[in-house]
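I have placed the structure first, in the form of structure tokens, so that the comments after it can refer back to it.
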Amino acid sequence: MTVMPTDFAAITGLRVGGDPIPFDSGIHTNPAALEWFLGEVPKIERAEARYALFKKYLKKKVTTEREVEQMTRAYLLYLFGASLFPGRGSTVHLSYLPALRDLRTTSRFDWGGAALGTAYLFLGDSSRTEQSTAGYWLIWELWAYEVLKMYPPQCKHHDLSTLPRAMIWSKENMGTKEGRGSLNAYRLYLDDLRASQVEWNPWRVVRPEPEYLARSQAVTASRVLLESAFGWQWYLGDRVTSQSLGHLEFQVPGPLPPQASHTGDYTLAKLRGSRGLTPS
């Protein structure tokens with residue numbers, strides 16, 4: 001089981017699927033470009049900047065349309081760093097800036113896919129090391145409430161079918177969380193979990209179905225290579241068939257894509273030169 005594109009869309013309100021984000025991993029080395037996008041060059045840590053830096057933009061007095069656009073980009077970077085794409089050091093990657101060049105077309109890019117890929121990447125990395133996770137880590141907690149029914153807190157929201165689901169689980173709507181802080185309780189819950197306890201399709205009661213949810217469902221049964229500023233991660237829909245396809249019995253998946261377990265070695269050059277690494 002895993003957080004699927006449909007789950008991510010239903011919880012966050014962001015579709016998974018869209019135009020590839022035009023990342024520029026070297027933009028932090030180009031002061032002129034940073035000046036154009038933001039109006040000033042932020043203090044840079046590797047290819048990232050502390051997202052708290054961008055809060056000060058909201059206090060700036062703007063007089064031109066260009067300055068308004070620069071403030072908007074800074075605010076979006078702050079939101080990226082504070083929610084969807086935070087690095088481990090409370091930082092945000094600057095390579096998203098090219099996608100914010102024309103703010104009228106920013107929504108067409110695959111922000112949901114990039115955020116889900118970032119969450120996968122950091123969770124996988126944390127499972128192999130002692131480093132803390134990053135990205136939109138809250139997705140795992142909210143997904144466990146909705147799908148696994150694992151110790152959800154009391155919810156004061158008046159309409160439990162509301163989407164995006166993150167609105168239901170906001171601080172003002174949550175009561176006391178059962179089993180809070182008990183790691184052993186969570187482990188025992190997962191060890192004893194049965195298929196009958198799982199809510200395999202918690203979003204089926206939502207009507208009319210939002211566009212972002214419908215578009216994400218088309219991705220859910222597929223194999224998709226998700227790209228983020230931190231690297232690539234696979235979503236393999238054919239390996240979670242009870243979730244993605246509604247199968248009652250386990251279905252033997254097809255073979256993994258070549259080098260699927262070596263996403264840390266992927267580069268754009270390799271992806272463009274090898275059909276085996278492209279999504280199927």
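Start at 1 with the first residue, then count along the sequence. Atom set for the values below is all heavy atoms of this structure, side chains included, hydrogens, waters and symmetry mates excluded.
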Could you verify whether a donor N or O on one side chain and an acceptor N or O on the other, from Thr6 and Thr220, lie under 3.5 Å apart?
-> yes

Taking every non-hydrogen atom, the tightest pair across Ala119 and Ile139 | CB-CG2, 4.3 Å

On the 0 to 90° scale, with breaks at 30° and 60°, tag the Trp140-Trp143 ring pair as parallel, tilted or perpendicular.
-> perpendicular

So with a 6.0 Å cut-off around CH2 of Trp137, is the heavy-atom count from everything else above 12?
-> no

How far apart are the closest heavy atoms of Tyr57 and Leu38, and which atoms are they?
-> CE2-O, 3.1 Å

Are any of the side-chain nitrogens in Arg165 or Glu146 under 4.0 Å away from the carboxylate oxygens of its partner?
-> yes

Any idea how His93 and Phe230 line up, ring-wise: parallel (<30°), tilted (30 to 60°), or perpendicular (>60°)?
-> perpendicular

Give a yes or no on whether the backbone of Leu236 and the side-chain of Arg223 come within a donor-acceptor separation of less than 3.5 Å.
-> no

Should the ring pair Trp111 and Phe80 be called parallel, tilted or perpendicular, given that the plane angle runs from 0 to 90° and is split at 30 and 60?
-> tilted

For atom CZ of Arg46, decide whether the heavy atoms of other residues, nucleotides or ligands shown that lie under 6.0 angstrom number more than 12.
-> no

Arg15 versus Ser216, closest heavy-atom pair with distance | CA-OG, 3.3 Å

Check the angle between the aromatic planes of Tyr235 and Tyr120 and answer parallel, tilted or perpendicular using the 30° and 60° thresholds.
-> parallel

So, Lys43 and Glu48, do they make that salt bridge, N to O below 4.0 Å?
-> no

Pairing of Lys56 and Glu40 as salt bridge, 4.0 angstrom limit | yes

Should we say atom CD of Glu211 is surrounded by more than 12 heavy atoms from elsewhere, each under 6.0 Å from it?
-> yes

Answer yes or no: is there an ion pair linking Asp110 with Arg215, defined by an N-O contact shorter than 4.0 Å?
-> no

Please report the closest heavy-atom contact between Lys61 and Glu67, naming both atoms and the distance.
-> O-OE1, 4.4 Å

